[in-house]
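Reminder, nothing fancy here: chain letters follow the sequence lines and each chain counts from 1. Since we're looking at a predicted model, the values are computed, not measured.
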There are 2 protein chains.
Amino acid sequence: MITANYIQRVNDYCHQQKLKLTPNRAAVLAILHKQNAPLSAYDVLAELQQQQPKTKPPTVYRALEFLIQHHFIQHIESTSRYLVSQQQESFAPHPLLICTDCKSVTQMNLSSELKLELDHFAGQQGFSLHPQSYEFQGLCASCQPRQSA
Amino acid sequence: MITANYIQRVNDYCHQQKLKLTPNRAAVLAILHKQNAPLSAYDVLAELQQQQPKTKPPTVYRALEFLIQHHFIQHIESTSRYLVSQQQESFAPHPLLICTDCKSVTQMNLSSELKLELDHFAGQQGFSLHPQSYEFQGLCASCQPRQSA
DNA sequence: ACGACCAATGTTATAATGTAACGCTCAAAT
DNA sequence: ATTTGAGCGTTACATTATAACATTGGTCGT
Ligand SMILES: [Zn+2]
Ligand SMILES: [Zn+2]
Ligand SMILES: [Zn+2]
Ligand SMILES: [Zn+2]
């Protein structure tokens with residue numbers, strides 16, 4: 001989706017939900033959407049400074065915090081990067097498959113059955129999982145060791 | 001287990017595996033084992049400096065790297081802390097349940113059935129998961145919101 | 001309209017976490 | 001005995017994130 005249209009959709013959603021998508025927040029979200037790749041906070045800062053040179057780190061971090069809280073983006077803990085959440089029916093984070101070789105990140109949809117089993121499992125320890133905030137590390141399709149022929 | 005005994009066991013294991021548990025590495029592992037809680041690299045550094053005041057960050061990070069590689073400890077990505085892995089049959093990391101409220105960390109054992117399902121699921125995207133390096137966030141038993149009576 | 005309030009932002013400074021690079025040492029291998 | 005290389009010491013720096021306080025600008029009650 002074109003970034004401008006995407007931002008418009010988020011803006012509409014925010015109106016419905018009584019959230020304020022301020023210019024700063026929209027700018028940060030637009031940068032992440034345009035790149036469509038995991039960016040560091042300082043990558044975002046550098047982009048934002050193209051538009052508003054006096055921008056300082058707290059401005060970026062505050063915007064990121066808002067966008068994370070409302071599930072427009074997710075924070076990749078293992079790489080300190082930020083990524084726009086794929087939008088399906090609604091705004092929500094997705095479990096991630098992170099390749100430890102090429103660092104690629106794939107957003108996936110866990111089957112609801114598997115989610116239930118994970119919830120059940122955590123429940124045995126008295127734990128209730130936050131939905132879908134998991135990061136799985138491994139090797140992506142391109143980085144699998146080759147079979148010897 | 002008493003830390004000295006634990007270190008002895010790790011040392012024996014390292015001999016078997018032709019790994020070198022040097023004094024630095026043993027000291028870092030002992031600190032983590034004694035505290036038995038997630039510590040930051042700089043927490044470890046401060047402890048180590050009690051014994052060897054000239055210690056610098058790279059010394060700690062190098063020891064941590066070795067200990068992680070060989071599964072004696074695990075790195076908690078979401079909090080930048082390091083934790084001794086529970087030892088069962090062998091040395092291996094455990095999936096973690098991390099409470100986002102009180103920050104407590106519980107090492108768990110995923111059923112082998114659930115592991116298979118996760119592997120199968122990731123496999124559908126062509127992904128092969130590194131075993132057991134998962135962090136799940138949620139609320140622990142003590143931090144569950146109370147039911148209204 | 002007026003002032004009180006409050007969320008968002010600006011601004012300065014610093015904290016916390018992690019690494020690059022280079023050279024030394026010592027034990028093992030040849 | 002020389003070579004080699006892993007481990008480590010050391011300096012300097014890079015990267016990620018936050019504390020603290022001042023300022024702005026809109027909303028609400030009166
Ligand atoms: Zn609007
Ligand atoms: Zn890959
Ligand atoms: Zn020994
Ligand atoms: Zn808790």
Between the protein and nucleotides 17-20 of chain D, list every N/O to N/O distance that falls short of 3.5 Å.
from	atom 1	to	atom 2	distance (Å)
D:dA17	OP2	A:Y61	OH	3.2
D:dA17	OP2	A:Y82	OH	3.1
D:dA17	N7	A:Y42	OH	2.7
D:dA17	N6	A:Y42	OH	3.3
D:dA20	N6	A:R62	NH2	3.3

Practice item. Write down the atom of A:S80, the atom of A:H75, and the distance for their closest heavy-atom approach. Key: CA-NE2, 3.9 Å
**Study point:** Residue of the set A:L19, A:L67, A:L21, A:V84 for which side-chain contact (heavy atoms from CB on, under 4.5 Å) holds with A:V10
**Key:** A:L21
Practice item. Measure from CG on B:D43 to C1' on C:dG18 and round the result to the nearest Å. Key: 15 Å
Practice item. To the nearest 10°, let me know how far the axis at one end of the helix from C:dA1-D:dT30 to C:dT30-D:dA1 is tilted from the axis at the other, five pairs an end. Key: 30°
Review point. Checking all strands, does B:T55 fall into the base, sugar-phosphate, or nothing category for heavy-atom contacts under 4.0 angstrom?
Key: nothing
Exercise for review: Report yes if the side chains of B:I76 and A:E77 come closer than 4.5 Å at any heavy-atom pair, otherwise no.
Suggested key: no
Point to revise | B:L39 CG - C:dG18 C1' separation (whole Å) | key: 17 Å
Point to revise | Rounded interatomic separation in angstrom, taking NZ from A:K20 and P from D:dG25 | key: 13 Å
Check your understanding: Does B:Q69 CD have over 12 foreign heavy atoms under 6.0 Å away?
Key -> yes
Check your understanding: Is the distance from OP1 or OP2 of C:dA8 to the nearest side-chain N or O of A:T22 less than 4.0 Å?
Key -> no
Check your understanding: Should we count CD of A:Q124 as having more than 12 external heavy atoms under 6.0 Å?
Key -> yes
Check your understanding: Does some side-chain heavy atom of A:Q49 sit less than 4.5 Å from a side-chain heavy atom of A:T59?
Key -> no
Check your understanding: Is it true that the side chains of A:Q8 and A:D12 contain a donor and an acceptor less than 3.5 Å apart?
Key -> yes
**Study point:** Atom-to-atom span, CD of A:E77 to P of D:dT16 - whole angstrom
**Key:** 14 Å
Practice item. Could you tell me the separation between the NZ atom of A:K56 and the C1' atom of C:dT9, rounded to a whole number of Å? Key: 12 Å
Check your understanding: Heavy-atom distance under 4.5 Å between the side chains of A:L97 and A:F136, does that happen here?
Key -> yes
Exercise for review: Would you tell me if any nitrogen or oxygen in the side chain of B:T59 comes within less than 4.0 Å of OP1 or OP2 on D:dC8?
Suggested key: no
Check your understanding: What is the distance from CZ of B:F66 to C1' of D:dC8, rounded to the nearest Å?
Key -> 14 Å
Review point. Which whole-number value in Å describes the distance from A:K54 NZ to C:dT9 C1'?
Key: 12 Å
Check your understanding: Less than 6.0 Å separating the ring centroids of B:Y134 and A:Y134?
Key -> no
Review point. When the distance from CD1 of B:I76 to C1' of C:dT17 is rounded to whole Å, what number comes out?
Key: 15 Å
